[in-house]
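Along the sequence shown, the residues carry numbers beginning at 1. Every number for a ligand or one of its atoms is a count from 1 in the order of the listing. Every heavy atom of this structure was used, including side-chain atoms; hydrogens, water molecules and symmetry mates were not.
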Amino acid sequence: MRVVVAGAAGMIGSHMTEYLLGRGDEVVAVDSFITGRPENLAHLEGREGYTFVEADVSMALPVEGHLDAICHLASPASPADFTTMPAEILRAGSLGTFNALELARERGARLLLASTSEVYGEPMVHPQPESYWGNVNTIGPRSCYDESKRFAEAAVSSFRRSFGIDTAIARIFNTYGPRMRVDDGRVVSNFVVQALSGEPITLYGDGSQTRSFCYVDDEVAGLVALLDSDHPGPVNIGNPVEFTVRQLAELVLELTGSDVPLELRPLPEDDPTQRRPDISLARDALGWEPHTSLRDGLGPTIKYFRSELDR
Ligand code: UDP
């Protein structure tokens with residue numbers, strides 16, 4: 001296949017690019033480096049089948065030639081970005097999705113949209129199946145991201161219905177692994193970086209809120225399984241094992257051998273109380289499920305952050 005990966009310099013995008021190249025696909029990697037990092041792709045320069053185009057998907061997707069698939073993974077996605085980059089986030093989900101859809105229509109390519117568990121907002125149904133419509137504050141501090149992705153899902157679904165474009169929607173749940181930004185602001189990178197630098201672990205609220213963490217290799221395998229299928233989604237792609245944020249902090253302390261204290265900070269507004277994917281659909285329709293436990297995935301993640309901090 002010849003595949004465009006928009007957002008290729010991000011954590012998930014770079015692992016996806018590598019995975020597709022590894023199985024013999026051609027990949028046109030696209031990124032604007034707003035949050036993606038050139039270092040995440042540097043090792044792929046010169047590799048057979050790999051080309052890079054620096055572009056902002058919200059402006060244009062300037063890719064020539066035949067295409068089999070387009071993966072739209074481009075967007076700032078950390079809650080820390082919601083206050084500093086709301087316009088970029090809203091544009092990536094709206095204009096970026098339009099540009100990806102237009103390119104898919106023009107080339108007859110399948111479009112995979114990276115949506116998010118954030119479409120469920122503060123979920124009233126637990127765990128969350130794809131049939132749950134969600135509970136989102138449309139004017140709250142997270143709405144730029146939540147509504148951008150909900151709009152993107154609506155655009156993809158409408159274009160599929162009206163213009164017959166081949167599309168797929170993946171709902172990604174908290175994903176972690178090597179190549180996250182040290183200053184990303186999300187919980188796994190914050191806790192690991194704090195533990196390794198001897199700084200207190202910043203626990204928001206009382207740490208009883210839950211998340212379900214998926215290792216990036218599992219996440220990419222799920223996304224590719226969806227891409228290779230003809231399923232339109234939405235399909236939850238995440239790890240269904242749920243942890244409190246306090247349990248994550250304790251595990252990070254254990255695995256880093258650090259004894260820094262926990263420092264309680266106020267819970268951010270609209271921070272979801274619980275989140276866990278129901279992955280029955282992914283299991284049945286794609287034959288996919290994650291295999292990496294949080295303990296096992298944190299090993300290479302800690303190793304990566306250690307080398308980043310040493311640098
Ligand atoms: N969190 C925390 N300390 C941090 C960063 C995040 O306790 O330094 C909490 C946050 O309040 C949330 C959970 O960890 O309940 C996951 O936050 P993250 O920013 O990783 O992503 P989210 O799932 O909220 O999009």
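- A salt bridge links Arg142 to Glu118: at least one charged side-chain nitrogen sits closer than 4.0 Å to a carboxylate oxygen.
- Using a 4.0 Å heavy-atom criterion, the residues that approach ligand 1 are Pro79, Glu118, Arg142, Asn174, Gly185, Arg186, Val187, Asn190, Phe191, Thr202, Leu203, Tyr204, Gln209, Arg211, Val245, Pro268, Asp271, Arg275.
- Counting only N and O atoms by type, the side chains of Glu45 and His43 include no donor and acceptor under 3.5 Å apart.
- Screening residues 101-110 for salt bridge (charged side-chain N to carboxylate O under 4.0 Å, His left out), with sequence neighbours left out, gives Glu102-Arg105, Arg110-Asp166.
- Residue pairs meeting the ring-ring contact (aromatic ring centres under 6.0 Å, His included) criterion with at least one member in residues 207-226, sequence neighbours excluded, are Tyr176-Tyr215.
- Looking at Thr273 and Glu122, their side chains do bring a donor and an acceptor atom within 3.5 Å of each other.
- Screening residues 222-277 for ring-ring contact (aromatic ring centres under 6.0 Å, His included), with sequence neighbours left out, gives no hits.
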